[in-house]
Engineer: 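Pasting a structure here, questions to come.
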Amino acid sequence: ESVYNLVTLASLVEREVNRDPDRAIVCGILYNRLAQNERLDIDATVEYALGKWKATLTQDDLNVNSPYNTRRFSGLPPGPISQASTASIRACVAPQKSDFLFYFSDTKGVTHYAKTIAEFTQQQQQFGVSGQ
C-alpha cells in the first residue's frame with residue numbers, strides 16, 4: 001500500500017466517521033470492499049465531486065460523472081477528499097479486521113455495521129435512516 005493511497009483512504013474515513021473507535025472498523029470495511037472489487041459507495045466522495053457538503057444527496061447527485069464518485073466507480077478516488085487526522089491515518093495503518101462490508105451512522109451519530117446487504121437494510125429501517 002502506497003503512502004498516497006493510505007492518505008487517500010484515511011481522508012475517506014475522516015469524512016465518514018467522527019469517533020476514534022469507529023475509524024479502524026470503517027477502514028477495515030473499506031479494505032474488505034476494495035479486496036472484493038466492490039465500489040466503496042461513499043457519499044462523502046460524491047459531495048467532494050459536487051464541491052459541496054449536503055445533508056441529503058439526490059439521485060442526480062449520486063450519478064455525478066467524476067472519478068471521485070465512488071458510487072459510480074470502483075477503487076479509490078484519484079486523491080484525498082479532505083485532510084486526514086492522525087487518528088484516521090493510524091486507523092488505516094492498522095485497520096480492524098472483520099467480516100463487515102457495510103456501515104452507516106444513525107441520526108445520533110452512532111455507527112452500525114453489517115455483513116450483508118439484507119442486514120444493512122434492516123438496520124437502516126430499524127434506526128430510521130434511509131438508504132440511497
Engineer: Can you name the nearest heavy-atom pair linking P77 to T70, along with the distance?
Structural biologist: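 Shortest heavy-atom contact: CD-CG2, 4.0 Å.
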Engineer: Are more than 12 heavy atoms, taken from residues, nucleotides or ligands other than Q126, located less than 6.0 Å from that residue's CD atom?
Structural biologist: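 Result for CD/Q126: enclosed.
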Engineer: Could you tell me how the ring of F104 sits relative to the ring of F120: parallel (under 30°), tilted (30 to 60°) or perpendicular (over 60°)?
Structural biologist: perpendicular
Engineer: Supply the atom-to-atom distance S105 OG to N18 CG, rounded to the nearest 0.5 angstrom.
Structural biologist: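 With rounding to 0.5 Å, OG (S105) is 7.0 Å from CG (N18).
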Engineer: Just so I know, are the side chains of I81 and L12 near enough to count as touching, which here means a heavy-atom distance under 4.5 Å?
Structural biologist: yes
Engineer: Does any part of the side chain of P80, heavy atoms only, come nearer than 4.5 Å to the side chain of Y4, both counted from C-beta?
Structural biologist: yes
Engineer: When you check the gap from the basic side-chain N to the acidic O, do R23 and E16 get nearer than 4.0 Å?
Structural biologist: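 Result for this pair is no, no salt bridge flagged.
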Engineer: Can you give me the closest heavy-atom contact between A94 and A24, atom names plus distance?
Structural biologist: O-CB, 4.0 Å
Engineer: Check this for me, if you would: do R71 and D43 make a salt bridge, where the nitrogen-to-carboxylate-oxygen distance has to be below 4.0 angstrom?
Structural biologist: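 Yes, R71 and D43 are salt-bridged.
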Engineer: Any ion pair linking D20 and R90 (charged N to carboxylate O, less than 4.0 Å)?
Structural biologist: no
Engineer: Got a salt bridge between D41 and R39, using NZ or NE/NH1/NH2 to carboxylate O under 4.0 Å?
Structural biologist: yes
Engineer: To the nearest 0.5 Å, what is the distance between OG (S88) and CD (Q83)?
Structural biologist: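 The CD atom of Q83 is 11.0 Å from OG of S88, to the nearest 0.5 Å.
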Engineer: CD/E38 to CG/L30 distance, rounded to the nearest 0.5 angstrom?
Structural biologist: 12.5 Å
Engineer: How long is the straight-line distance from CG of L34 back to CG of L40, given to the nearest 0.5 Å?
Structural biologist: 4.5 Å
Engineer: Any donor-acceptor pair under 3.5 Å linking the side chain of T45 with the backbone of Y68?
Structural biologist: yes
Engineer: Using atom types as modelled and distance alone, determine if a side-chain donor or acceptor of N69 lies under 3.5 Å from a backbone N or O of L62.
Structural biologist: yes
Engineer: Counting N and O atoms only, with roles assigned by atom type, does the side chain of E47 sit under 3.5 Å from a partner on the main chain of K54, one being a donor and the other an acceptor?
Structural biologist: yes
Engineer: Keeping D106 on the side-chain end and F127 on the backbone end, is there a donor-acceptor pair under 3.5 Å?
Structural biologist: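 No: the side chain of D106 does not pair with the backbone of F127.
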Engineer: Check the pair D61 / L50 against side chain to side chain contact (heavy atoms under 4.5 Å, CB included), numbers first and verdict last.
Structural biologist: CA-CA 7 Å; D61 294 338; L50 294 171; 3.6 Å; yes
Engineer: Quick check: do V13 and C92 have side-chain heavy atoms less than 4.5 Å from each other?
Structural biologist: yes
Engineer: Show your working on side chain to side chain donor-acceptor pair (under 3.5 Å) between T8 and N5 and close with a plain yes or no.
Structural biologist: CA-CA 5 Å; T8 299; N5 285 348; 5.1 Å; no
Engineer: For the CG atom of L101 and the CD1 atom of I117, what is their distance to the nearest 0.5 Å?
Structural biologist: 9.5 Å
Engineer: So, E119 side chain and A114 main chain: donor-acceptor pair closer than 3.5 Å or not?
Structural biologist: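 Pair absent, no side-chain N/O of E119 close to backbone of A114.
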Engineer: Using every non-hydrogen atom in the two residues, find where I29 and F102 come nearest and quote the distance to one decimal.
Structural biologist: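 Distance-wise, the nearest heavy atoms are CD1-O, 3.8 Å.
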Engineer: Write down the atom of D99, the atom of N32, and the distance for their closest heavy-atom approach.
Structural biologist: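 Closest heavy-atom pair between D99 and N32: C-ND2, 4.3 Å.
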Engineer: Would you tell me whether S82 and S11 have side-chain atoms, one donor and one acceptor, within less than 3.5 Å of each other?
Structural biologist: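 Side chains of S82 and S11: no pair found under 3.5 Å.
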Engineer: Quick one: CD on E14 to CG on L9, what's the gap to the nearest 0.5 Å?
Structural biologist: 12.0 Å
Engineer: Give the intermediate values and the outcome of side chain to side chain donor-acceptor pair (under 3.5 Å) for residues Y103 and D22.
Structural biologist: CA-CA 10 Å; Y103 67 93; D22 294 322; over 6 Å; no
Engineer: If you compare all heavy atoms of N63 against all heavy atoms of R72, which two are closest, and at what distance to 0.1 Å?
Structural biologist: O-NH1, 2.9 Å
Engineer: Are F73 and I42 co-members of a hydrophobic cluster defined by side-chain heavy atoms under 4.5 Å apart?
Structural biologist: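 No; F73 is not reachable from I42 via cluster members.
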